[in-house]
Student: 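Here it is: the structure, laid out below.
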Amino acid sequence: MLDATRNQDLDPQETREWLEALSSVMSTEGMERAHYLLEQLIDQARRSGANLPYDTTTAYLNTIPPGQQPPYPGNLELERRLEAYLRWNAMAMVVLANRSHSGIGGHIATYASATTLYEVGFNHFWHGATEKDRGDMVFIQGHASPGIYARSYLEGRFDEEQLKRFRREALEPGLSSYPHAWLMPDYWQFPTVSMGLGPIQAVYQARFMRYLEHRGLVEPSERKIWAMLGDGEMDEPESRAGIDLAAREGLDNLIYVINCNLQRLDGPVRGNGKIIQELEGQFRGAGWNVIKVVWGSRWDPLLAQDTQGLLRKRMEECVDGEYQKFKSRDGAYVREKFFGKYPELKAMVANMSDEEVWHLNRGGNDAVKIFAAYKRAVENADGKPTVVLVKTIKGYGMGNVGQGRNTAHQQKKLSDDDLKAFRDRFNIPVSDESIDDVPFCKPSPDSPEMKYLHERREALGGYLPIRIEDAPPVKMPDPDRFEVLTEGSDGREMSTTMTLVRLLTVLMRDKELSKHIVPIVPDEARTFGMEGLFRQLGIYSAVGQLYEPEDADQLMFYKESKDGQILEEGITEMGSLSSWIAAGTAYANHGIEMIPFFFFYSMFGFQRFGDLAWAAGDIQARGFLIGGTAGRTTLEGEGLQHDDGQSHVYASVFPNCVAYDPTYGYEMAVIVREGIRRMHVEQEHVFFYITAMNENYAHPPMPEGVEDGIIRGMYKLATVGRHKKRVQLMGSGTILREVEAAAEILDKEWNVAADVWSVTSFTELRRDGLDTRRSNVLHAAGKPAKSHVEKCLEKTTGPVIAASDYVKLFADQIREFVPRRYVTLGTDGYGRSDNRADLRRFFEVDRHHVVVNALKALADEGELENARVAEAVRKYGIDPDALPREQL
Ligand SMILES: Cc1ncc(C[n+]2csc(CCOP(=O)(O)OP(=O)(O)O)c2C)c(N)n1
Ligand SMILES: [Mg+2]
């Protein structure tokens, strides 16, 4: 508990003396000295045993006092006019879209609250892409996109027809609801609309820029990363997840601007508190520069008069719920409720009209205040990231239907009266007759406004947002680099993870290729046997290595260096994926193709970072995601929270994720080679998910002619036995080896022959099957095409049995394309800890269950007596009455 007397002044005379002393130091010796003295005083008190509660917040005032504000370099009058047009057009887009299709959605209130925040950025700070570099990276609040489109319209980048296709993009080109690089690849850079994914991505983009500089891959530059964020959005854990890293890494190229309009979707962000203060405390505590822009210039004279601190006290004691309500009412209300609480304050505004009281503006509606904050943020070079906390008004200018209303976020329709009020409020040249059409408006091309708009962007290097893809492709590595795997392991037992690490080690010797590679691990390198790379490649650290590592005398010591190549992220899969996204989009953001390999525990992959991976697909990140220790039964002894039997199912729903579950080293080699070719040579917009296991076994050399099948998803590995009865056995990942063993048993013990198929990707097989089917439907009169699965199986006989280390749904994906009886085995249910053999038996994917299911399929085909199946169940000691695994 805080001491109750803490904020009470027990001796005002003494207080004044101390404060005067401080003022005198500030004026004669400067701020630095004053700061030093204060630190000394606090230190002395602490050393004497005082328990001084640490306050991370400052007064509820602007961080930059009026005296320190730089002169405004722009033409405020022209900017104000331009803002009015932007506000109108952004609103018109949403209103028109919802008139033609009620329910199409869109947001007015977000941009209305943030217009000036964006305009000061566009007019004075945000650099476009030039010959020198690609300019600043600006993460735009997703719901503000109508305003950004409105600006592009004024700039001539979009015409009215395009604006009319806002949120209508399915059958003809239109404007996406939100920033989606996938849908507007020449325009949007960063998908942000899933709350919280923008802020974390921004941190890692800022860090990756430093990484590229330190590795000498790009020139050091003044480029900044700006993240425009919502105050409600900051509640997402991901929004704050990267802020400690940003401070630790000294990312003074990173600026967050948080639009504190005090509201989220349903209502106030912190009705009973103050979001600005809360965020200030958190960011200061994390080591950021915090710049608060709370009050607009119209408050300056009042604050200057506030010698007794009563106005400050009132500002401090009001909570956000009240501040919100003030702006949803009128000047008389503010006079009564805010100033009216204390007679002295009431007197302070006695000479002001209600109108003037109403126009006491917030920081976020004052370009001068915002400019001062942004300027300080970009000039800051003290090794700290900066957050600008700006107080704004949700639905500003929307009048009774929006401003400060709890319903503002969802407001999409305005009546004629509301439109007229909006028009009058911003002085838009639309007549009463035409107001019902909500026409888009722009000043004439030779007007001072339009000249100014273009001049400003020219001065800053060009229009934003813009996304450019012109990175040179990488050169395909020499084919013999892959021989390390295609020639087999010569009987040596190793895991597919080890095969991949071996391949990576060899690829790193290719000087040309290796500079593009970015290995990323979330504290998991030893798990995957990658510690050898620590020494070989070094772990990236912005400051190098300031200590002698404990294992310095070892061959594979823990080497950190400024030009280190490995990103050792610590235990953050979200952070690591953000790094992977930054690397995987370097082709667009830096003009250089990078090849990230992110190794993680597969269970903590898609299941944990699914939404961020969705954003990675949207942003068209390219690279390899490696799900290590994958499969429900390959990981011995770990259990429920670690055993992954579903990541491939998650991966299968990402439209541009190409996923493989290889078994043998040569399959791994072919897949990685294909990944490099498709993503980094052909520059397709796909990413690869490859599972890698930690079960050791020998890897055979690559058979002839299987490469195409490996890539397509299945190929014939072996034919076992010569009998009349025949089955087709499919397996993927480590379970393929159980399937191979089952084929031997079927041959030796049951006189059944089997063709064994290695399925490297059920998911790719399904895609091919669906494409084939669709094409046959649409070209019904032509010769029907066949899917790869059909082509593989058409010349074979016997029922088909598939087993994998994933839930049955994984193999079930191709059911439609299997021309005969199809039985799938998989690991449905929660994982548990045990050894591999027992786990496989438990989940009914071991060789004996494959045999029993094959026999049953033959029996169902009438080729075998059911009694023989029952005999097999007995023979292998399988309990016929055990509960289904998903019930255990
Ligand atoms: C992860 C996620 N959850 C929920 C939403 C739905 N949503 C969209 S906007 C919004 C409120 C945003 O509030 P805030 O961040 O304060 O933005 P602003 O007030 O500036 O509109 C919510 C809940 C979302 N887009 N993403
Ligand atoms: Mg908000």
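Heavy-atom basis, side chains included; hydrogens, waters and symmetry copies ignored. Whatever order the structure lists ligands and atoms in, that order sets their numbers, starting from 1.
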Student: Using the ring of each side chain (for Trp, its six-membered ring), is Trp226 parallel, tilted or perpendicular to Phe125, with breaks at 30° and 60°?
Tutor: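 Aromatic pair Trp226/Phe125 classed tilted.
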Student: Would you kindly say whether Arg167 and Tyr178 are connected by a side-chain donor-acceptor distance under 3.5 Å?
Tutor: yes
Student: I'd like to know if the Mg ion (ligand 2) has an N/O/S atom from Glu233 within less than 2.8 Å of it, counting both backbone and side-chain atoms.
Tutor: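 Glu233 does not place any N, O or S atom closer than 2.8 Å to the Mg ion (ligand 2).
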Student: For the Mg ion (ligand 2), find the closest N/O/S atom on Asp231 and give its atom name.
Tutor: OD1
Student: Ring-plane angle category for Phe598 and Phe600, please: parallel below 30°, perpendicular beyond 60°, tilted otherwise.
Tutor: tilted
Student: Tell me the residues surrounding ligand 1, counting only those with a heavy atom closer than 4.0 angstrom, sorted by chain and number.
Tutor: Thr110, Gln141, His143, Val193, Ser194, Met195, Gly230, Asp231, Gly232, Glu233, Glu236, Asn259, Asn261, Gln263, Arg264, Leu265, Lys394, His409
Student: Any N/O/S of Asn261 under 2.8 Å from the Mg ion (ligand 2)?
Tutor: yes
Student: How about Tyr60 and Arg314: does a side-chain donor come under 3.5 Å of a side-chain acceptor?
Tutor: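 The criterion, which ignores hydrogens and geometry beyond distance, is not satisfied for Arg314 and Tyr60.
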Student: Just to verify, which of Asn259, Thr116, Asn261, Thr110 counts as forming a side-chain hydrogen bond (donor to acceptor under 3.5 Å, both in side chains) with Thr392?
Tutor: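 Option passing the side-chain hydrogen bond (donor to acceptor under 3.5 Å, both in side chains) with Thr392: Asn259.
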Student: Let me check your reading of the structure: within less than 2.8 Å of the Mg ion (ligand 2), is there an N/O/S atom from Gln263?
Tutor: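 Yes, since at least one N, O or S atom of Gln263 sits under 2.8 Å from the Mg ion (ligand 2).
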Student: Applying side-chain hydrogen bond (donor to acceptor under 3.5 Å, both in side chains) between Glu569 and each of Ser576, Ser579, Ser578, report the one that passes.
Tutor: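 Output: one option passes, namely Ser579.
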Student: Check Glu83 with Arg87, please: is the shortest side-chain N to carboxylate O separation under 4.0 Å?
Tutor: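 Yes, this pair counts.
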Student: Taking Glu119 first and then Arg151, would you say they form a salt bridge - that is, a charged N and a carboxylate O separated by under 4.0 Å?
Tutor: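 Here Glu119 pairs with Arg151 in a salt bridge, since their nearest N and O are under 4.0 Å apart.
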